[in-house]
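Written out below as structure tokens is the structure these notes cover.
As a basis for the values below, the full set of heavy atoms in this structure was taken, side chains included, without hydrogen atoms, waters or symmetry mates. The model shown is predicted, which means the values in this text are computed figures rather than measured ones.
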Amino acid sequence: MLALVATFVFSCLLFLSKPCARDMRLFLASISQQLALSLLGFLAGYRLLGGVASRATATAVDAMPLMPSFKRKRPAAKLETTDTTGEPSVLDLPELAIDCILAKLPPAELRNMAAVSRSMRERCRSDHLWERHMSDKWGSVLGTAARDEWRSYLSSSTAAGGGASGCGSAGSGKHRRWLAALSCVCPVVSWMRPRADGGAGTSGGPVLDDSIMSWYLHLESSKFWFPAQVYNREHGHVGFMMSCYDAELSYDFRTDTFHARYPPHGRRTVVLEDGVQWDRVRAPPVGTLAHDLHASDCLHELRPGDNIEIQWRRNKEFPYGWWYGVVGHLESCDGNEHFCRCHLSGENSFNLYD
């Protein structure tokens, strides 16, 4: 300690006696930092020794420590289950009763209940509570492709978050060391310590993890785009009536509609459409991509009068669309349902009426 003080005084004299170069300034800054840390360590040790001495001499009279801590210890076991007013709490109910109550809550209230306590947060994030909400609202528009897109979104977001946190950890290490040293002398400084999770828990966005609750909240937040199909695209354009095309959708919670993003075709770039209603959206019935031809295995089951969807596109530059049609009779058939043998002809060909 004394050696550091002497070195610091000698360096100050050199600084006053002759012009200092950049290296001398860096040296003085390093010496000042080491001197400050040593001084804080000395004061911290003095505080601890003072606290031990006061407790040793407090046999007859209770003595206050040299620098009392502002933190009050509370029993951890009763923190979440005991109410200071003595009134019964929801957490005092049996496990089955709590689960029944949570199962009756809508998604917004279930998310609010997750902020009550740590144990309640774990309960409210259970997949069995969110499966029904996901099926009721999103079951008709989410398919296998949407689930695959969600897994890819999770993987990319996790990789990006890990790289960002690695870059920031080195820069914040020195700041944490200073706060740790100051907290030994002044307990109030301990309140200023940064959180281990980087403050992510206080952000307004939903938590990103592999849970149904996280997927549901990200769908509601308008930040997640998922693949689906839209009937009568581009606000019912006459060229797309009675058809259904692949698109990427994002939910708009303000209007309870969707934003649609159609793939480019021909000379047209990506086409955007707003205000898509729920009754115009569906999950893709098959996993075939928009530019691939679907090989059907049910042609032998077709009968005249069946309602079907058939793939069609203008040329190879366009994606396939699913177009509505009705199966008709062969030209050799008179259309009499009692004598019709179109499905037994073995030609696997029918007339199609759109």
Using 30° and 60° as the class boundaries, would you call the ring planes of Trp130 and Tyr216 parallel, tilted or perpendicular? tilted
Flag side-chain contact, heavy atom, 4.5 Å: Thr257 against Val276: no
For Arg261, does the CZ atom sit with more than 12 other heavy atoms under 6.0 Å from it, leaving out its own atoms? yes
Do Phe224 and Trp150 have their ring centres less than 6.0 Å from each other? yes
Do the charged groups of Asp306 and Arg303 touch, with an N to O distance under 4.0 Å? no
Answer with yes or no whether the hydrophobic clustering places Leu105 together with Leu217; edges join I, L, V, M, F, W, Y residues whose side-chain heavy atoms lie under 4.5 Å apart. yes
I want to check a possible cation-pi pair here: Arg313 against Tyr320, using under 6.0 Å from ring centre and within 45° of the ring axis as the test. yes
Measure the acute angle between the ring planes of Trp138 and Trp278, then classify it against the limits of 30° and 60° as parallel, tilted or perpendicular. tilted
For Arg282, is there an ion pair with Glu309 - N to carboxylate O distance below 4.0 angstrom? yes
Does Glu273 offer a backbone N or O that forms a donor-acceptor pair with the side chain of Glu234 under 3.5 Å? no
Measure from NZ or CZ of Arg280 to the centre of the six-membered ring of Tyr231 and say whether it is under 6.0 Å with the direction within 45° of the ring axis. no
Could you check, using the six-membered ring where one of them is a Trp, whether Tyr245 and Tyr262 have ring centers closer than 6.0 angstrom? no
Is the shortest heavy-atom distance from the side chain of Trp322 to the side chain of Val286 under 4.5 Å? yes
Can you establish whether the number of heavy atoms outside Asp210 located under 6.0 Å from its atom CG is more than 12? no
